[in-house]
Amino acid sequence: MGTSTLPDALFGSVQQHTIISSRRHHDPIRFFAVKSHSTIYRRRSIGKRVLFADACLCKPRHVVFSNMDDSTEALTDFLDDGDGDSLEGSKVVGIDDNELLATRKSLSDVQARNETIEKERYQLLEKLVQSEAKQKEYLSTVMHDKDLAISELEAAKSLFNRKLDESLEEKFNLESKLVLAKEDAVELAVQVEKLAEIAFQQATTHILEDAQLRVSAAEASAAEAAFQIEEQIRTASEGAITRVLQQSKDAIEKALAVAESAGDHTTNAMAAFLDNMGLDEIVSVQSQNIKLSNTVNDLESQLLVYRNEIDRLKLELKQAHKEAKVYELRANDVEKLLLEFQESSRKAALQQEEEIKSSLEKMRKDASERKKAVSKAFKLELERMKTAIEAAKETARSQDEAYVRRCEALQRSLRAAEAASKTWRQRAEMAEDLLLRKSSSEEGDEEAIYRVNGGRIDFLMDDDSLKWKLLTDGPRRSTPEWMARRIRSIRPRFPPRKTHVSEVMTSGFKTLDLPKPDEVWSIAQEKLKEGDALVEHVIEKEVIEKKRKALERALQRKTVKWQRTPEETKLESGTGTGREIVFQGFNWESWRRQWYLELASKAADLSRCGITSVWFPPPTESVAPQGYMPSDLYNLNSAYGSLEELKSCIEEMHNQDLLALGDVVLNHRCAHKQSPNGVWNIFGGKLGWGPEAIVCDDPNFQGRGNPSSGDIFHAAPNIDHSQEFVRQDIKEWLNWLRNDVGFDGWRLDFVRGFSGAYVKEYIEASNPAFSIGEYWDSLAYEGGNLSYNQDAHRQRIVNWINATGGSSSAFDVTTKGILHSALHNQYWRLIDPQGKPTGVMGWWPSRAVTFLENHDTGSTQGHWPFPRDKLTQGYAYILTHPGTPVIFYDHFYEFGIRDVINELIEARRRAGIHCRSPLKIYHANGDGYVAQIGDTLVMKLGHLDWNPSKEVHLDGTWQKFVDKGSEYQIWLRQ
């Protein structure tokens, strides 16, 4: 807004004076004085007039002129000096000619000075335009240099990428050659071993046959000698009998001698007696004497027979002694021959073994030399690649430095342009101030002219200007920190604003035509954008590093697979290799911490303990922090951590050869919006489904889909999996989790809510390494006690597995429920009438996933906690039996039984138990439970007095591996 002052007296003929305005085109304002009647103010470009009738005597007055842009209207305001009199209708007072002449002279002087100032101003404007043209020309030169630099960087980048691709291809070829060489070496070693074995067998076949014949002859001789020894023992016993007979014979002879002496004595006595007896008595005595003589004769005849027999036995005994000596000599000879044969066989075997070892050692040396040569060549190639990469890096670095130098030159030019603009701005302000001061009649008067500082220079030059907004936000996307620091280092410090923004916006003052912000601050266009050479170079380096790490992991996994047996590496849908041990890596309160970071730190420890798979919490954004009320399936920033933390955790699991199982909730999903009738059944995010994706028999959410194929989950809308678009979206989401996020398998939540046929379709589409379904319903009870027969319960789980085509396993809820009661001295519950386990393990062990607790049954929820004092017995059961066992996080890290679990995992590993291992139950009663799993492990639960030596059907030697007294004991076969 421009201001001017009327002189103290104005009268006379029409005179023309020029009043300077700050309008952009600088049109002079003409002043006309109308003699005697009126005073007219006219502007040449504006047709508006203000008339004052009659003559007037004027005191000093303030006149304020305001121009608004390029409009066709000019406002002229007259401000009173405070006396309240209006100009309209006032009379013009007569003025002296001298005063008129003085006034005319002063006006002519002012006009001349204004014309001079105007000429200077036009000159300044011409110089400003010339400087702007030079500045634009310099900017175009700088932009051209910048384009040249970018093109050079693009060419260098393409050359670097081409060389890098060639080096990577050569590296991959060398690695593949190295892998093939390793395979060839292994196959060659196997063939050599087979040939050595065949040669050894052919060389030792005839020796073994001869040895077998000699051994059989020796065995026959030994058997004959043993028979002879038995005969000797028998004859020795007969000799003892003979000695007894001899003794009895001697006793008889002594008795006969005594009888003879007694007979003589009797005869003498009889003679004396006969002298005193009668005839009858003599006859009776004689008859008795005859009987006694007959008895003695009989005894003598028997004694003679015994003597003959004894003589015969003595002869046979002598003959047997001779034959025994002969057989003993033969046995000694055979033993000597056997020892000589064994010694010769051992020497021959040692010699052949040495020859085989030497040949194998030679082959190993050759293979190692070839490997070293290949490795040396590979290292040389890597060094060459590194040298090329370093050269490319040096080239890129030099180009970056050149680019930085060009940027610095651009910054200097910008600072110079800004300084020039600032100088011209100051000069223009000084010119305006000079004009306004010259047009003022009194500088110290209170009624001096006031100049409103309107205009857009200050508005555009402060810290909140459009330029700074462009510098901070950028025309494309957010500015990186390094660019922001560079911009802050070159941004000039502008003077503070002189007026409020609202005043500037409402002001009609037009400033000088300065360069536009996008012309002056071309550095604002230098933002991080797609196609930028430096950015693509950094991104390329990151991609190369990721490829290198992925290649290292792939080679490591191949090496691990080579070291495993074919049985261990064979994958089958639903059960993996069959030797999985799953670890549930969270509980109900894990969301309160940065869980992905904490779980990643435990990966190495879990791998060392023998865990093969880790079950992750639900990764999706959820209404409930635990993750089981998902909303936006593609948003993986959950209470457990961000998407980047999840990927880093999964990558750490893969580095430790652990599978990552994602907990996916497919049965239900929480809506984002309400329908017009107030029901929450409109979903958001990438999968923006509507009520048509909800089953129609869900009573709470007014779905318009088909009826549900399972049970209803009442807390959230149940998804209708019969819709084709729903299944297609879920399959794409699962493949995204597998391929982009890195999950290896699934834990499927609440599979009772939809048919297993849809699970089969999802598994076939996503191809997981392992899958577990949660089919949890109530067991059968009788009178408040658990029923013995749980066939109906496990049949429902088996039916669901069957519906998936056997492509998924399921939690063995039946076994968990039975163990609750069986471990309280009711071990008879662990065997069914067919002699098999009573859970899903007994019917389909390869699809049974056994567990004791999880986040629902235990943790802080405690819906169905396992008896605390029976945890070790429970783990002893599930870790030694077929099926896939699951270890709960709380038990492993918080309950103090980690060492017990590690010991049981080691027993399972040593015995080679897997999900299909055969099981034979020997005892299951009130005292305990005994079973043999596989061929090399026997375990016992309870206080039953039992060990393998007491079992008739257990052969071999068994060593006790774990002894926990009456809780459990484990034996391994030697």
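On a predicted model such as this, the values are computed, not experimentally measured, just so you know.
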Heavy-atom distance under 4.5 Å between the side chains of [X] and [Y], does that happen here?
{"X": "Arg794", "Y": "Trp844", "value": "no"}
{"X": "Thr612", "Y": "Leu659", "value": "no"}
{"X": "Ile933", "Y": "Met939", "value": "yes"}
{"X": "Phe811", "Y": "Lys816", "value": "no"}
{"X": "Leu904", "Y": "Ile970", "value": "yes"}
{"X": "His855", "Y": "Trp615", "value": "yes"}
{"X": "Leu919", "Y": "His881", "value": "yes"}
{"X": "Tyr775", "Y": "Val840", "value": "no"}

Measuring from atom [atom1] of [X] to atom [atom2] of [Y], what distance do you get when rounded to the nearest 0.5 angstrom?
{"X": "Glu967", "Y": "Leu871", "atom1": "CD", "atom2": "CG", "value": "10.5 Å"}
{"X": "Ser359", "Y": "Glu354", "atom1": "OG", "atom2": "CD", "value": "10.5 Å"}
{"X": "Leu941", "Y": "Ser966", "atom1": "CG", "atom2": "OG", "value": "10.5 Å"}
{"X": "Ser821", "Y": "Asn785", "atom1": "OG", "atom2": "CG", "value": "7.5 Å"}
{"X": "Gln795", "Y": "Trp800", "atom1": "CD", "atom2": "CH2", "value": "15.0 Å"}
{"X": "Tyr788", "Y": "Trp828", "atom1": "OH", "atom2": "CH2", "value": "8.0 Å"}

[X] versus [Y], closest heavy-atom pair with distance:
{"X": "Cys915", "Y": "Arg908", "result": "N-NH2, 4.4 Å"}
{"X": "Ser787", "Y": "Gln790", "result": "O-NE2, 2.9 Å"}
{"X": "Ala911", "Y": "Leu972", "result": "CB-CD2, 4.1 Å"}
{"X": "Ile921", "Y": "Leu830", "result": "CD1-O, 3.8 Å"}
{"X": "Gly839", "Y": "Thr815", "result": "CA-OG1, 3.4 Å"}
{"X": "Ala810", "Y": "Ile797", "result": "CB-CG2, 3.8 Å"}

*asked:* Using a 6.0 Å cut-off, check whether atom NZ of Lys836 has over 12 heavy atoms from anything other than its own residue.
replied: no
_Check this for me: Asn825, atom CG, are more than 12 non-hydrogen atoms of other residues, nucleotides or ligands nearer than 6.0 Å?_
yes
Looking at [X] and [Y], does any basic side-chain N land under 4.0 Å from a carboxylate oxygen?
{"X": "Asp927", "Y": "Lys940", "value": "no"}
{"X": "Glu906", "Y": "Arg910", "value": "yes"}
{"X": "Arg752", "Y": "Asp777", "value": "no"}

Is it the case that the side chain of [X] and the backbone of [Y] share a donor-acceptor pair, with hydrogens and angles ignored and the cut-off at 3.5 Å?
{"X": "Thr838", "Y": "Arg829", "result": "yes"}
{"X": "Trp946", "Y": "His943", "result": "no"}
{"X": "Ser859", "Y": "Gln861", "result": "no"}
{"X": "Arg973", "Y": "Asp935", "result": "yes"}
{"X": "Arg747", "Y": "Leu661", "result": "no"}
{"X": "Gln969", "Y": "Asp963", "result": "no"}
{"X": "Asn802", "Y": "Gly805", "result": "no"}

*Please assess Asn854 against Val886 for the test side chain to side chain contact (heavy atoms under 4.5 Å, CB included), listing each intermediate value before the final yes or no.*
CA-CA 9 Å; Asn854 57 29; Val886 178; over 6 Å; no
_Using the rule given for side chain to side chain contact (heavy atoms under 4.5 Å, CB included), can you reason through Asp899 versus Glu903, listing the C-alpha separation, both sets of side-chain angles and the distance that settles it, and then say yes or no?_
CA-CA 6 Å; Asp899 294 337; Glu903 193 175 42; over 6 Å; no
*Is the gap between the ring centers of Trp776 and Phe851 under 6.0 Å?*
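Ring-ring flag for Trp776/Phe851: false, centres at least 6.0 Å apart.
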*Find out whether the Lys NZ or Arg CZ of Arg868 is both under 6.0 angstrom from the six-membered ring centre of Phe895 and within 45° of the ring's axis.*
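Yes; both conditions hold, so Arg868 lies above the ring face of Phe895.
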*asked:* Is the ring pair His820/Trp864 parallel, tilted or perpendicular, if the boundaries are 30 and 60 degrees?
replied: parallel
*Given Phe866 and His891, is the ring pair (Phe, Tyr, Trp, His ring centres under 6.0 Å) satisfied, shown in steps?*
CA-CA 11 Å; Phe866 198 86; His891 298 165; 7.9 Å; no
*In this structure, which one of Trp588, Trp595, Phe586 forms a ring pair (Phe, Tyr, Trp, His ring centres under 6.0 Å) with Tyr889?*
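Among the candidates, only Trp595 passes.
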*Any chance you could lay out the side chain to side chain donor-acceptor pair (under 3.5 Å) test for Asn587 and Tyr893, step after step, and finish with the verdict?*
CA-CA 11 Å; Asn587 56 31; Tyr893 281 110; over 6 Å; no
*asked:* Would Tyr929 and Ile831 count as a side chain to side chain contact (heavy atoms under 4.5 Å, CB included) here? Give the steps.
replied: CA-CA 9 Å; Tyr929 169 87; Ile831 185 172; 5.5 Å; no
*Can Tyr875 and Leu852 be said to form a side chain to side chain contact (heavy atoms under 4.5 Å, CB included), step by step?*
CA-CA 8 Å; Tyr875 276 116; Leu852 301 182; 3.6 Å; yes
_Does either side chain, that of Ser613 or that of Glu580, offer a donor lying less than 3.5 Å from an acceptor on the other one?_
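The answer is no; no qualifying pair exists.
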_Using salt bridge (charged side-chain N to carboxylate O under 4.0 Å, His left out), reason through Lys357 and Glu353 one step at a time and then give a plain yes or no._
CA-CA 6 Å; Lys357 283 183 179 179; Glu353 185 178 358; 3.5 Å; yes
